[in-house]
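Below is one structure, written out as structure tokens; comments come after it.
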Amino acid sequence: ALSLRQSPSSSARIVCEGRGKEFPLSMLSSPSSSAQAFAEANVGEWAGWQCEFKPDGTLLPVDDRYLDAATIEYGMQPAGFEILCTAAVEGGELQRGFLRILP
């Protein structure tokens with residue numbers, strides 16, 4: 001989870017929980033209003049497409065472990081996943097969730 005925190009030195013930071021990383025948040029006004037503005041600008045829902053390529057640019061189909069036997073048997077492996085992303089602020093933390101769907 002990403003947290004928006006203000007340190008004792010009054011500098012707001014974005015904290016990536018579980019990875020031990022902190023990134024300073026540029027201040028345009030007070031730290032708390034900048035952190036709030038960042039959070040408000042990054043909430044919402046997005047949909048898109050996720051696929052993978054080999055180093056030579058060749059498209060990789062979805063790995064067989066995600067497919068049923070009939071899909072593989074008929075050679076109908078999709079080239080990627082539809083992806084849905086939701087971002088919300090809960091308790092002062094920016095929460096993101098991802099959902100991958102086979103087309």
Side-chain angles (χ1 to χ4, degrees):
L2 296 176
S3 300
L4 301 175
R5 294 188 186 158
Q6 186 172 347
S7 68
S9 64
S10 295
S11 62
R13 303 183 78 69
I14 301 171
V15 179
C16 185
E17 304 278 337
R19 297 195 181 216
K21 305 240 180 193
E22 292 192 17
F23 307 94
L25 183 63
S26 297
M27 297 295 119
L28 300 175
S29 57
S30 71
S32 61
S33 66
S34 293
Q36 185 64 32
F38 173 84
E40 289 173 3
N42 286 282
V43 298
E45 295 183 347
W46 300 269
W49 184 256
Q50 177 188 24
C51 55
E52 295 182 10
F53 296 90
K54 293 180 184 178
D56 67 2
T58 307
L59 182 65
L60 288 170
V62 170
D63 193 296
D64 289 351
R65 67 182 171 187
Y66 298 110
L67 307 173
D68 61 13
T71 302
I72 296 168
E73 182 180 340
Y74 290 107
M76 299 180 62
Q77 286 103 328
F81 291 96
E82 291 180 45
I83 188 164
L84 304 173
C85 173
T86 301
V89 175
E90 294 178 16
E93 293 186 355
L94 180 61
Q95 302 287 327
R96 288 192 176 156
F98 296 92
L99 177 66
R100 293 190 318 175
I101 304 168
L102 283 170

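None of the values given here were measured: they were computed from a predicted structure.
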- Task: Taking the side chain as every heavy atom from C-beta outward, state whether T86 and L99 have any pair of such atoms under 4.5 Å apart.
- Result: no
- Exercise: identify the closest heavy-atom pair between F98 and I83: CD2-CD1, 4.2 Å
- Item | For A79 against L59, the heavy-atom pair lying closest together | CB-CD2, 3.2 Å
- Look at atom CD of Q50 and say whether more than 12 heavy atoms of other residues, nucleotides or ligands are closer to it than 6.0 Å. yes
- Separation between CG of D68 and CE of M76, rounded to the nearest 0.5 Å: 10.0 Å
- Query: Has F53 got more than 12 heavy atoms of other residues, nucleotides or ligands less than 6.0 Å from its CZ?
  - Reply: yes
- E45 and L84, any side-chain heavy atoms less than 4.5 Å apart: no
- Distance from D63 atom CG to E52 atom CD, nearest 0.5 Å? 8.5 Å
- So which heavy atom on C51 is nearest to which on G80, and how close? CB-CA, 4.2 Å
- Query: Going only through I, L, V, M, F, W and Y residues with side-chain contacts under 4.5 Å, is there a path from F81 to I72?
  - Reply: yes
